[in-house]
Amino acid sequence: MAAPFIPIAGFALRYGAVALAGYAIARSTSRGRFSQPVEDEMDETPDGIALKTDDGQVNASFRWHRILSLTNSGKGLSIDATALTRLKVKRIP
């Protein structure tokens with residue numbers, strides 16, 4: 001009995017197109033930069049949400065740090081999400 005080739009070819013074309021698009025995106029993006037002072041500031045951010053306002057400027061910070069243990073052996077994941085945001089609004093005469 002012959003295997004139906006048409007459905008297999010459709011899946012191969014679809015996943016090949018997705019893989020090609022992913023490869024093109026990976027090649028076209030630039031490599032990010034690593035700044036140790038910024039990393040240190042993110043590590044010092046307290047847990048929770050903080051909001052500070054000044055003249056025409058709002059600064060916000062958010063940090064969520066959790067440890068998820070999936071088994072009793074202690075193996076798991078450490079998740080640390082940090083966001084630093086600045087929004088400046090100026091009136092232009």
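Basis for what follows: all heavy atoms, side chains included, without hydrogens, waters or symmetry-related copies.
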Any residue meeting salt bridge (Lys or Arg N to Asp or Glu O under 4.0 Å) with Lys90, in chain and number order, not counting sequence neighbours: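 For Lys90, no residue satisfies salt bridge (Lys or Arg N to Asp or Glu O under 4.0 Å) once neighbours in sequence are set aside.
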Results of salt bridge (Lys or Arg N to Asp or Glu O under 4.0 Å) for Asp80 - residues two or more places apart only: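 Expected list: Arg63.
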Under 4.5 Å side-chain linkage, directly or through intermediates, the cluster mates of Leu87: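 Leu87 shares its hydrophobic cluster with Val89.
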Members sharing Phe34's hydrophobic cluster (side chains within less than 4.5 Å):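 None, because no other hydrophobic side chain comes under 4.5 Å of this residue.
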Inter- and intrachain pairs under side chain to side chain donor-acceptor pair (under 3.5 Å), touching residues 33-44, at least two apart: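 Only Gln36-Asp40 qualify under side chain to side chain donor-acceptor pair (under 3.5 Å).
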ILVMFWY network linking Ile49 to Leu84, side-chain heavy atoms under 4.5 angstrom: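 No.
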Hphob cluster co-occupancy, Phe62 + Ile79, side-chain heavy atoms under 4.5 angstrom: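 Yes: a chain of side-chain contacts under 4.5 Å links Phe62 to Ile79.
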Could you tabulate the donor-acceptor pairs under 3.5 Å formed by side-chain atoms of residues 13-32, not counting sequence neighbours?
from, atom 1, to, atom 2, distance (Å)
Ser28, OG, Ala24, O, 3.2
Ser28, OG, Ile25, O, 3.2
Thr29, OG1, Ile25, O, 3.4
Thr29, OG1, Ala26, O, 3.3

Approximate separation, where rounding is to 0.5 Å, of Asn59 CG and Lys52 NZ: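 Between atom CG of Asn59 and atom NZ of Lys52 there are 6.5 Å.
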Spacing of CG belonging to Asp54 relative to NZ belonging to Lys88, to within rounding of 0.5 Å: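 These two atoms lie 11.0 Å from each other.
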